[in-house]
Amino acid sequence: MKQTKRWIVTPVQPQSYKENDQTDITKELSTTTMSKQMIQEAATMLRAGFTVAFPTETVYGLGADATNETAVNRIFEAKGRPADNPLIAHVATKEQLMRLVEPLTPLAQLMIDTFAPGPITFVLKSNGTCATNVTAGLQTIGVRLPEHPIAHELLQACDVPIAAPSANTSGKPSPTAADHVWTDLNGRIDGLLDGGTTGIGLESTVVDCTEDIPIILRPGAVTREQIEAVVGHVMIDPALLRSDSKPKAPGMKYTHYAPDVPLWLVEGSVKAIQDSINEARLVGKKVGLLACDETVQMVEADRVYPLGTNIQEVAAHLYDGLRDFKRSDVDLILCETFSEEGLGGAVMNRLRKAAQRVINSATE
Ligand code: TXA
Ligand code: MG
């Protein structure tokens with residue numbers, strides 16, 4: 001068991017930070033001397049080859065120096081992550097990004113100029129600067145510039161690229177709160193920068209930018225529609241649409257986000273959801289319901305987790321909801337489905353991967 005050091009950094013809510021002027025909050029954070037000291041301490045640990053979890057605007061990441069193979073191995077050990085699943089390298093600036101990759105194609109340049117910093121990972125041709133276990137032996141590397149002020153300040157202080165997968169035990173939902181990280185990894189990692197809850201709540205959009213047309217390998221908060229508006233044509237990894245195709249992002253082949261309690265998706269009306277709950281209860285099951293506030297008010301279940309009133313709130317609360325039911329005594333979680341438009345595409349991608357079964361009331 002390691003002693004995991006936990007620093008409580010002045011909570012900065014990325015949501016309000018995004019709504020307001022970005023520079024204001026960064027300035028506010030920078031003037032908090034205590035926070036600055038804690039971030040410096042965490043950076044020193046990372047530079048010395050230790051593992052530190054930190055908040056980003058998507059989910060918490062578990063960081064280690066991406067140029068240090070031994071340090072990166074500590075991430076795989078702590079998470080129990082398969083070695084064939086590459087990690088994302090996180091950097092503070094475009095200059096730092098350029099140190100890790102081959103000269104950019106015009107498309108990659110346009111994508112980075114438009115969407116960085118933000119909840120997006122660019123898959124680019126690696127120049128071999130990062131340790132080989134970061135890329136799992138691939139010729140490409142995923143690079144991300146987070147826009148969360150704590151992540152940004154930490155990466156700036158490190159001045160080395162930081163490899164960071166989501167800071168959960170492999171197979172569990174990604175952490176959207178410091179307590180999620182603590183539950184999974186306390187005693188297995190060296191540090192945790194506690195910066196409150198993350199804003200978006202789903203992992204970044206992963207986009208292959210190595211060819212002329214971008215390919216979305218994992219949907220996220222930067223949507224297909226937004227990318228299309230900038231570059232025209234966008235491709236979607238066929239594996240996202242068909243389960244018989246091998247995903248280009250190695251991590252997408254794993255049953256991620258699987259809660260310990262079975263999860264069923266119910267397509268259709270509120271009545272279809274209530275019918276499914278009643279059926280499960282008839283055979284003695286305790287049923288938990290994960291749904292938007294409106295549905296929760298109309299349906300009766302043994303336990304409910306209201307996800308919010310719009311798709312942004314649903315995304316932000318989804319993983320906490322899955323974790324909440326895991327801690328409770330329900331035998332089955334039922335979740336409603338959402339429109340695939342915009343952020344809904346990413347929400348439904350995660351739900352489909354987590355679900356054991358999809359109930360379609362029209363075909364039942
Ligand atoms: O929002 C996020 O992306 C968070 C925060 C911490 O940045 N990180 C995250 O990392 O979700 P992880 O390791 O849980 O997911 C990374 C995904 C995996 O599906 C992995 O296979 C894919 O990105 N990936 C990484 N490098 C790749 C590469 N060179 N080619 C294709 N896919 C890659
Ligand atoms: Mg992950």
*asked:* Under the criterion side chain to side chain contact (heavy atoms under 4.5 Å, CB included), I'd like the reasoning laid out for Phe54 against Val181: C-alpha separation, chi angles, the key distance, then a yes or no.
replied: CA-CA 9 Å; Phe54 59 95; Val181 181; over 6 Å; no
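- Nearest heavy-atom pair across Ala83 and Phe76 is CA-CE2, 3.8 Å.
- With contacts defined as side-chain heavy-atom distances shorter than 4.5 Å, the pair Ser204/Glu57 does not qualify.
- Checking side-chain atoms of Lys5 against main-chain N and O of Ala42 turns up no donor-acceptor pair under 3.5 Å.
- Taking every heavy atom of both residues into account, Ser170 and Gly80 meet most closely at CB-O, 3.4 Å.
- Comment: Arg352 engages Glu340 in a salt bridge, judged by a side-chain N to carboxylate O separation of less than 4.0 angstrom.
- Atom NZ of Lys2 sits in a crowded spot, with more than 12 heavy atoms from other residues, nucleotides or ligands closer than 6.0 Å.
- When the options Thr121, Val207, Thr205, Val206 are evaluated for a side chain to side chain contact (heavy atoms under 4.5 Å, CB included) with Leu217, the one that passes is Val206.
- The heavy-atom pair separating Cys209 from Leu107 by the smallest distance is CA-CD2, 4.1 Å.
- Within the 4.5 Å cutoff, side-chain heavy atoms of Arg81 are placed close to those of Leu87.
- With hydrogens and angles left out, the side-chain atoms of His180 and Asn168 include no donor and acceptor closer than 3.5 Å.
- More than 12 heavy atoms of other shown residues, nucleotides or ligands fall within 6.0 angstrom of atom CD in Glu225.
- Here Lys36 pairs with Glu153 in a salt bridge; the nearest charged N to carboxylate O distance falls below 4.0 Å.
- Side chains of Gln274 and Asn278: a donor on one and an acceptor on the other come within 3.5 Å.
- A side-chain donor from one of Thr56 and Arg144 sits under 3.5 Å from a side-chain acceptor of the other.
- With respect to the salt-bridge test (charged N to carboxylate O, under 4.0 angstrom), the residues Asp184 and Lys172 qualify.
- Contact detail for Leu110 and Val231: the closest heavy-atom pair is CD2-CG1, 3.7 Å.
- A salt bridge links Asp113 to Lys94: at least one charged side-chain nitrogen sits closer than 4.0 Å to a carboxylate oxygen.
- When the salt bridge (Lys or Arg N to Asp or Glu O under 4.0 Å) test is applied to Arg303, the partners found at least two apart in sequence or on another chain are Asp324.
- The pair Asp179-Arg6 meets the salt-bridge criterion, with a side-chain N (NZ, NE, NH1 or NH2) lying under 4.0 Å from an Asp/Glu carboxylate O.
- The side chain to side chain contact (heavy atoms under 4.5 Å, CB included) with Val91 is formed by just one residue from the set Asp159, Leu155, Ile162, Leu100; it is Leu100.
- Proximity of a side-chain donor or acceptor of Thr223 to a complementary backbone N or O of Leu343 within less than 3.5 Å is not detected.
- Summarising the geometry, atom CG belonging to Asp190 is positioned 7.0 Å from atom OG1 belonging to Thr4; distances are rounded to the nearest 0.5 Å.
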